[in-house]
2 protein chains.
Amino acid sequence: MKNKMITEERPETVELCEETCDKTVIHAEVVTKVKEKIPSLEVLSEMAELFKILGDRTRTRILYALFESEMCVCDLAYLLGMSQSSISHQLRVLKQAKLVKNRKEGKVVYYSLADSHIIQIFDQVLKHVNEDKI
Amino acid sequence: MKNKMITEERPETVELCEETCDKTVIHAEVVTKVKEKIPSLEVLSEMAELFKILGDRTRTRILYALFESEMCVCDLAYLLGMSQSSISHQLRVLKQAKLVKNRKEGKVVYYSLADSHIIQIFDQVLKHVNEDKI
DNA sequence: TGAACATATGAATTATTGTTCATATATAAA
DNA sequence: TTTATATATGAACAATAATTCATATGTTCA
């Protein structure tokens, strides 16, 4: 990204607004170019929504566990040292986000990953986290 | 609230706990195996922490914008249609997470991605989001 | 049928977080 | 110097969200 800021362009503050915007814009060209390139607000919102789902320790642990094996609620609660209720609540969130699916066998409900593709994201992030350590 | 261990009455229910655990475990082997394979709680917490940073629409938008070009606070505020204050606050969060860096030129502070590698994670998630649409 | 149990869920509680508002700081220009 | 501007930041507020508690649902088995 060889984006050199040309200082000669800086002094003139440019107003870009069409309607009732009162914000100062210093680099109109940059703003215009970036606006064209970035994903839509809707897409970015969905992305953030997915990140938010993954941004909870309990859910992250559940997903990693389910990547290793299908598990029932009870086992998950034991594995993570948490109450059955809290695990159930989080599984509900994960299911609504279509990240896990479940099947019922008698009293027991087994959960598994709905899409193991999510683990690729995890591993990418794991790599990023590990890079920071160096 | 009932946390009884019914080990004697239910042969298939296995007690794994060494100390003060009162949870029922149905599949001890699975739990043991998974426990060995998943990343440590510490690592998983760091991962969740990073996801949490990314799990906000404003921050996601900022990062995508900065991937396209270095930008100053004012331009970002204009681009995203948000107050300078809120952008500054979020840039602070992103900087503390080492996701962006900045440089000062006169009154203007330019922000850019600290590690463009983060975009790989974004694109992976973007793919996931788009898959859901089909 | 009724007791035991795995799971789900609504309500309450507590903690966290994003934005706004007001103001502080720093730099440049007049 | 004074004024204008770009950014940073603390406090307050509103909105979310994670966990616990109590209880409901549905299934198995005696």
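The sequence lines fix the lettering, A, B, ..., with proteins before strands; numbering per chain opens at 1.
- The interatomic distance linking A/His27 (NE2) with D/dT5 (C1') rounds to 14 Å, in whole Å.
- Applying the ring pair (Phe, Tyr, Trp, His ring centres under 6.0 Å) test to B/His117 and every residue at least two apart in sequence or in another chain returns A/His128.
- Regarding A/Lys104, its NZ atom lies at a distance of 12 Å from the C1' atom of D/dT28, rounded to whole Å.
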Side chain to side chain contact (heavy atoms under 4.5 Å, CB included) evaluation trace for B/Leu113 with B/Ile119: CA-CA 9 Å; B/Leu113 292 191; B/Ile119 292 296; 3.9 Å; yes

Distance-only criterion, 3.5 Å: show the donor-acceptor pairs between side-chain atoms of residues 39-53 of chain B and protein atoms not counting sequence neighbours.
{"from": "B/Ser40", "atom 1": "OG", "to": "B/Val43", "atom 2": "N", "distance (Å)": "3.2"}
{"from": "B/Ser45", "atom 1": "OG", "to": "B/Leu41", "atom 2": "O", "distance (Å)": "2.7"}
{"from": "B/Glu46", "atom 1": "OE2", "to": "A/Lys133", "atom 2": "NZ", "distance (Å)": "2.9"}

How far apart are the C-alpha atoms of B/Met71 and A/Val30, what are their side-chain angles, what is the distance that settles it, and do they pass the side chain to side chain contact (heavy atoms under 4.5 Å, CB included) test? CA-CA 8 Å; B/Met71 290 181 88; A/Val30 174; 3.9 Å; yes

Could you go over nucleotides 7-10 of chain D and give all protein N or O partners under 3.5 Å, atom names and distances?
{"from": "D/dT7", "atom 1": "OP1", "to": "B/Val73", "atom 2": "N", "distance (Å)": "3.3"}
{"from": "D/dT7", "atom 1": "OP1", "to": "B/Val109", "atom 2": "N", "distance (Å)": "3.2"}
{"from": "D/dT7", "atom 1": "OP1", "to": "B/Val109", "atom 2": "O", "distance (Å)": "3.4"}
{"from": "D/dT7", "atom 1": "OP2", "to": "B/Cys74", "atom 2": "N", "distance (Å)": "2.8"}
{"from": "D/dA8", "atom 1": "OP1", "to": "B/Tyr111", "atom 2": "OH", "distance (Å)": "2.6"}
{"from": "D/dA8", "atom 1": "OP2", "to": "B/Ser88", "atom 2": "OG", "distance (Å)": "2.8"}
{"from": "D/dA8", "atom 1": "N7", "to": "B/Gln84", "atom 2": "NE2", "distance (Å)": "2.8"}
{"from": "D/dT9", "atom 1": "OP2", "to": "B/Arg92", "atom 2": "NE", "distance (Å)": "3.2"}
{"from": "D/dT9", "atom 1": "O4", "to": "B/Ser85", "atom 2": "OG", "distance (Å)": "2.7"}
{"from": "D/dG10", "atom 1": "O6", "to": "B/His89", "atom 2": "NE2", "distance (Å)": "2.9"}

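- Atom CZ in B/Phe51 sits about 19 Å away from atom C1' in D/dA17, given to the nearest Å.
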What protein N or O atoms touch nucleotides 14-18 of chain C N or O atoms at under 3.5 angstrom, if any, and at what distances?
{"from": "C/dG18", "atom 1": "OP1", "to": "B/Arg59", "atom 2": "NH1", "distance (Å)": "3.2"}
{"from": "C/dG18", "atom 1": "OP1", "to": "B/Arg59", "atom 2": "NH2", "distance (Å)": "2.7"}
{"from": "C/dG18", "atom 1": "OP2", "to": "B/Arg59", "atom 2": "NH1", "distance (Å)": "3.2"}

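- Side-chain atoms of B/Asp75 come within 3.5 Å of backbone N or O of A/Ile26 as a donor-acceptor pair.
- Residues B/Leu66 and B/Leu94 fail the side-chain proximity criterion, which asks for heavy atoms closer than 4.5 Å.
- Within the structure, every pair that satisfies the ring-ring contact (aromatic ring centres under 6.0 Å, His included) test and touches residues 82-116 of chain A, not counting sequence neighbours, is listed here: A/Tyr110-B/His27.
- Sorted by first and then second residue, the pairs that involve residues 56-75 of chain A and meet ring-ring contact (aromatic ring centres under 6.0 Å, His included), not counting sequence neighbours, are A/Tyr64-A/Phe122.
- The distance between atom CG of A/Leu54 and atom P of D/dA17, rounded to the nearest whole Å, is 14 Å.
- When rounded to the nearest whole Å, the span between CD1 of A/Ile62 and C1' of D/dA18 equals 12 Å.
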